[in-house]
Structures are given as structure tokens and as C-alpha cells.
Amino acid sequence: MKIGKDSAVLVVGAGIMGAGIAQVAAQAGHAVWLHDARDGAAAQACDKLGATLQGLVAKGKLAADAAAATIARVRPVAALTEAAGAAIAVEAIVEDLQAKRALFAELETLLGADAVLATNTSSISVTAIANGMQRPGRLVGMHFFNPVPLMKLVEVVSGLRTDGEVAQAVFDLAAAWGKTPVHAKSTPGFVVNRIARPFYAESLQLLLERAVEPSVLDACLRGAGFRMGPCELIDLIGHDTNFAVSRSVYEANFQDKRYMPSLLQAEMVAGGLLGRKSGQGFYRYGDGGGVPALPAFEPASAPYAQRVVLHGAGPVADRLTLALAGQAFERDTASGWTGLEVDGAQLRLTDGRCASAIGAEVAVFDLPIHPSLGGRERGTPLAFALSDRASGAWVQAAAQWLRAAGFHAQRIADAPGLIVARTLAMLVNEACDAVHQGVCSEAGADAAMKLGVNYPAGPFEWLARWDAARIAQLLDALAATYRGERYRVSPALRRRSWA
Ligand code: NAD
């Protein structure tokens, strides 16, 4: 089965997503029929598309004849009967199961027996939408991301009864439209909205515990390569939208505590602190508002010490040698931890335990994983925490050692797994579970997270750079502290940790 360029495409729903899908299909050379239940909405969307394409021409990003040809291919249709010849219908109407079922029931009677029916739903089960159809095998999810013309990812979502050939035809079609498709199984959140949950949830948990300020949290995750930190990102998305997705994934998983939404966010939504659109979320917007920058990084040299031991091996241990220039030190690669021992006090890479659980003169620091780590860039924000029993002298010295190693050290409360380590561990864990349950492949998960939410690396790329055993150990330590379901290790990650 193949949906060629000469096949006509019907797009139903001329809102944000439908208009974008129509544009992409027309730019790929298809004749496109655009329909909306609201009178005049499809024609308006065509006018807007014309203006968008003209804007691209004016900026020199699109040839005038290509723009004219694209807009000429899109035709608003007042009645679905006018589009009976379409080879594929892509639905982007209201997110409501009954409305979608009713539409597909109508399309089944209007379109040819071979026509493919695709839904752009972001949260409804494709299996549920197909239930009641005469030929449920031809319904498939074609989940685009907003804004459609710019976002490369398309999740091709198969329900229980989706025909494999239909899914493959839509996969190939998305690729022909210049997108990167990823196969997914119809499960709550599909790939991106499921694997991404911990990116928000771990930060919301740290904020609920008052472990860290939003601006520090954001800076540390940007320091790990994310384009935006979770707080600024949620403020941009809107707390109401982000909370609705979190709730829907939680409810769809029969209230599995692993996906439990945040009380803090519930309160913000209830109070109308929705982010940029309401003028206040984690940050205030408007005059002089926005995301506060951290104070400038001030380099430091290492404090005086009589005996220093560098523990562990690998990129983090190597990086710490920056702090040891001109200082005599011993090495211990057999102790089982990475960090510095300074006159008996410890500065350790987090293993998921609180510093206070390890000892008195103990500081733990977050996972430095930025791609530029090898480049020894200085000034990357990095969280660290101190044992509740640490002396004042070690509190000062631990920060100074991290600064001497080139990190913009940010002290936070003694929260297990700090910021980056616990967030990445949970993202990897969720991705392992998704693959374990056949939702997507490892390559699919990596592509989806890099293209759907702009992650600097895919979860399986992090897993390869980090280590399954260490990630499982970190999550076990979090589970031991919190004693809940949230940090349970995926059976797939557990198995890898034994390898
Ligand atoms: P939207 O509100 O901008 O547009 C929906 C359009 O559908 C409206 O113009 C409405 O008049 C029309 N409509 C409603 N019921 C209809 C019907 N029965 N027949 C024909 N037209 C009908 O919504 P949107 O943001 O474009 O979302 C559309 C779909 O795409 C939803 O299923 C949504 O979950 C999904 N989606 C949205 C996003 C996003 O970021 N907005 C991303 C991915 C998927």
C-alpha cells in the first residue's frame, strides 16, 4: 500500500493543527481538501496559509511560484461529500472521543474502501476511536507536533486493530512530507508525552519540597544541554495545558503513582498562575520580568589541603583534575565512588543517596553530562548538596573545590539524586519501560525525544554514556528515600543493570 503524491488528502478540522497539516501536505505536492464544521473556518485558514506563505516569500525563504502552487493545491470544502475521492483523511478536530468516532463513521461511508483514516489525537486511544468502525484496520494515529510545518516528528500510532500495512503507508507518507516518523503503540501519552513526564515531575517534586529555586533548577538543566529548563518551559506551554497532559497520563494509567501529577501545579492552575499567558507562573512576566539569570560565575582556585585523593575513573573524575592543578594528589580507582577526598571529607558524584545518609563531612554533586564536558568549558551550573552534619569549613570548601573544577556550583537542599541525575535517570527509566512494553523502539524513543521536545540527546544515548547499573542504583536510592511507586525501576533497566 502506498499513498502517492498524486493522491488527494482530506484534512478535517482547520484549527492550529489542521491548517499546519494542510500546509505540509500541499507543500509536498498533494491536492488538499480542508474541511471544518464551523462555517467559513476552512476558507479563513486558507487565507491565513496564503499570508504565511507570502511572508516566507518576502523573507526569501520560499520561491514565489512554489508559494502560489502550494496555495492553489488547498481547497476549502463546505461538505465532506466534496472530498469523497481522498486517499487519506487526517482528522484534527476537537479532542473528544465521541466527536472523533462520529466523524470516522461518516468518513467510512463517504470515502473509498481503500482510503486510510488518520487521527491526530494527542491523548485518546486509537484503539478506542476505531471501536465501532466497519473496518478498524484502516484507522491509524498520525500525531504531529505544534507548529506542524516546523516540527519534524510524527508519531505513527497503531491501535490494537490497526493494519500493519496502513501504519507503514502513513509512516512512508510522513517521511515523504519531510518528517521523521516514529512507530508507536497506542498507550497513554504515546512516546513523547509519556517519556517526557519526569522532566516536569522531578522538578515539580523538588519545588514542592522547597529544595531549590526555579531559576537554579532551570539553569542546572540548561547546563545539561536542555534548551529550556522545566520551569520556563512549563510557563511557556501553560500550566493548565501541562497539568492536563499529566493528569490524562496519570488517569489513563489507572492512577499509577509513578505518574502522579503535582500538588504544587494543581494549586498554581487553581490560582490562575498559568505562565506567560497569564503574566505569572514560576516567574513574573511583563515589565522587567522573565527568567532571572544566575549571578556571574567566579572562578576559584582550590583551597589548601594536606591530603587529596581522587576517587574513580572516567570523564567526571578526569574533569575534577582541573581543580588539582599544582596540587599533589593520590588516586583510588577501586573505592566504588567518584569524587575527591579532601583531608578525610568527601565531595562525591551523587549515587542517589542524600549527603546526610552517607556521613557528616560529605558533599554530593550532580551529574555533569553536558556534551561540552569533554571540552572542559567553565561556568556550567551544577547543583551540589551538603550533609546536615557538615562543618562550616567543609560547606565553604566543597563549593570552592567545585568552582576550581570549573563548575558554577549551586547549593541546593540535601535532596536525593539532586537535579540532573534524578531527572535523566527517570527519563531513561521511562524510556526503558516504553520499549519493554513495545510502545516504540530504542531508536524511535531517541528520535522522538530529540525531535518532539528538542532534548539534547535521546534517553538511550544518555544510557550509553552513563551506565545502567548506576542509573538503577540511583533510582533504588530514591525509592528508599521516598518509599513510593514513583521510582520503581523498569524491569528492562534492571535487566540491563545486571549485564
Ligand atoms: P483547534 O481548536 O485549534 O482546532 C480544531 C478545529 O476543529 C476547530 O476549527 C473546530 O471548529 C473544528 N471542529 C471541531 N469539531 C469538528 C467536527 N466534528 N468536524 C469538523 N471540524 C470540527 O484544535 P487543535 O489544537 O488544532 O487540535 C486538533 C487536534 O489535534 C486535537 O485532537 C488535539 O488533541 C490534537 N493535537 C493538538 C496539538 C496542539 O499543540 N494544539 C498537538 C498535537 C495534537
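These numbers were taken from a predicted model, which means no experiment stands behind them.
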Determine whether the side chains of E251 and Q255 contain a donor N or O and an acceptor N or O closer than 3.5 Å. yes
Is any side-chain N of the basic residue among R494 and D476 closer than 4.0 Å to the acidic one's carboxylate O? yes
L349 to L367 - nearest heavy-atom pair and separation: CD1-CA, 3.8 Å
For L463 versus L493, what's the shortest heavy-atom pair and its separation? CD1-CD1, 4.1 Å
Could you tell me whether the side chain of L49 reaches within less than 4.5 Å of the side chain of L53, counting heavy atoms only? yes
Do other residues, nucleotides or ligands put more than 12 heavy atoms under 6.0 Å from Q306 CD? no
I412 and L418, any side-chain heavy atoms less than 4.5 Å apart: yes
Would Y304 and W401 count as a close aromatic pair, with their ring centres under 6.0 Å? no
Can you give me every donor-acceptor pair (side chain of residues 234-245, partner residue at least two apart or in another chain, under 3.5 Å) with its distance?
{"residue": "D235", "atom": "OD1", "partner": "H239", "partner atom": "NE2", "Å": "2.9"}
{"residue": "D235", "atom": "OD1", "partner": "F282", "partner atom": "N", "Å": "2.9"}
{"residue": "D235", "atom": "OD2", "partner": "F282", "partner atom": "N", "Å": "3.1"}
{"residue": "D235", "atom": "OD2", "partner": "Y283", "partner atom": "N", "Å": "3.1"}
{"residue": "D235", "atom": "OD2", "partner": "Y285", "partner atom": "OH", "Å": "2.6"}
{"residue": "H239", "atom": "ND1", "partner": "Q265", "partner atom": "NE2", "Å": "3.3"}
{"residue": "D240", "atom": "OD1", "partner": "K277", "partner atom": "NZ", "Å": "2.9"}
{"residue": "D240", "atom": "OD2", "partner": "K277", "partner atom": "NZ", "Å": "3.0"}
{"residue": "N242", "atom": "OD1", "partner": "Q265", "partner atom": "NE2", "Å": "3.1"}

Using a cut-off of 6.0 Å, state whether more than 12 heavy atoms not belonging to R389 lie near its atom CZ. yes
Within 6.0 Å of CD in E213, more than 12 heavy atoms from elsewhere: no
Closest non-hydrogen contact found for R403 with F297 is O-CZ, 3.9 Å
Between R486 and Y259, is any pair of side-chain heavy atoms under 4.5 Å apart? no
Student check: side-chain heavy atoms of R488 and N429 closer than 4.5 Å: no
Determine whether L402 and F365 make a side-chain contact, defined as any pair of heavy atoms from C-beta on separated by less than 4.5 Å. yes
Can you name the residues that form a salt bridge (Lys or Arg N to Asp or Glu O under 4.0 Å) with D433, not counting sequence neighbours? R258
For the student: nearest non-hydrogen atoms of A92 and M17, plus distance: CB-CB, 4.2 Å
Is there a donor in the side chain of D414 and an acceptor in the side chain of S356, or the other way round, less than 3.5 Å apart? yes
Using the side chain to side chain contact (heavy atoms under 4.5 Å, CB included) rule, take E442 and D446 through it: C-alpha gap first, then chi angles, then the decisive distance, then the call. CA-CA 6 Å; E442 291 184 12; D446 282 349; 5.6 Å; no
Report the C-alpha distance between T380 and H408 in whole Å, list the side-chain angles of each, state the deciding distance to 0.1 Å, and finish with yes or no for side chain to side chain contact (heavy atoms under 4.5 Å, CB included). CA-CA 5 Å; T380 306; H408 196 351; over 6 Å; no
Is it true that R348 and E341 make a salt bridge, defined as a side-chain N closer than 4.0 Å to a carboxylate O? no
Any donor-acceptor N or O pair under 3.5 Å, side chains Q23, T70: no
Can you tell if the side chain of R319 reaches within under 4.5 Å of the side chain of F407, non-hydrogen atoms only? yes
When you look at CD of Q437, are more than 12 heavy atoms from neighbouring residues, nucleotides or ligands closer to it than 6.0 Å? yes
If you define the side chain from C-beta out and look only at heavy atoms, does anything of V156 sit under 4.5 Å from V182? no
Could you check F199 against Y455 for ring pair (Phe, Tyr, Trp, His ring centres under 6.0 Å), going step by step and ending with a plain yes or no? CA-CA 10 Å; F199 184 65; Y455 282 5; 5.6 Å; yes
So, do F145 and V453 sit near enough that their side-chain heavy atoms are less than 4.5 Å apart? no
Quick check: are there more than 12 heavy atoms from other residues, nucleotides or ligands sitting under 6.0 Å from CZ of R470? no
Do you know which two heavy atoms are closest between V192 and G452, and how far apart they sit? CG2-CA, 4.4 Å
For side chain to side chain contact (heavy atoms under 4.5 Å, CB included), just list the numbers for V435 and C440, CA-CA rounded to whole Å, side-chain angles, deciding distance to a tenth of an Å, and then say yes or no. CA-CA 5 Å; V435 171; C440 58; 4.2 Å; yes
Under a 3.5 Å cutoff, is there a donor and acceptor pairing between the side chains of H311 and S335? yes
Indicate whether the side chain of E95 and that of T121 have a donor and an acceptor atom separated by less than 3.5 Å. yes
Tell me if a side-chain donor or acceptor on D351 pairs with a main-chain N or O of L474 at a distance below 3.5 Å. no
Take Q205 and S262 through the test side chain to side chain donor-acceptor pair (under 3.5 Å) and record every step on the way to the result. CA-CA 7 Å; Q205 183 63 32; S262 165; over 6 Å; no
For H143 and S122, work out which heavy atoms get closest and say how close. NE2-CB, 3.3 Å
Should the heavy atoms of other residues, nucleotides or ligands under 6.0 Å from CZ of R331 be counted, would the total exceed 12? yes
Electrostatic pair R197:E430 at N-O distance under 4.0 angstrom: no
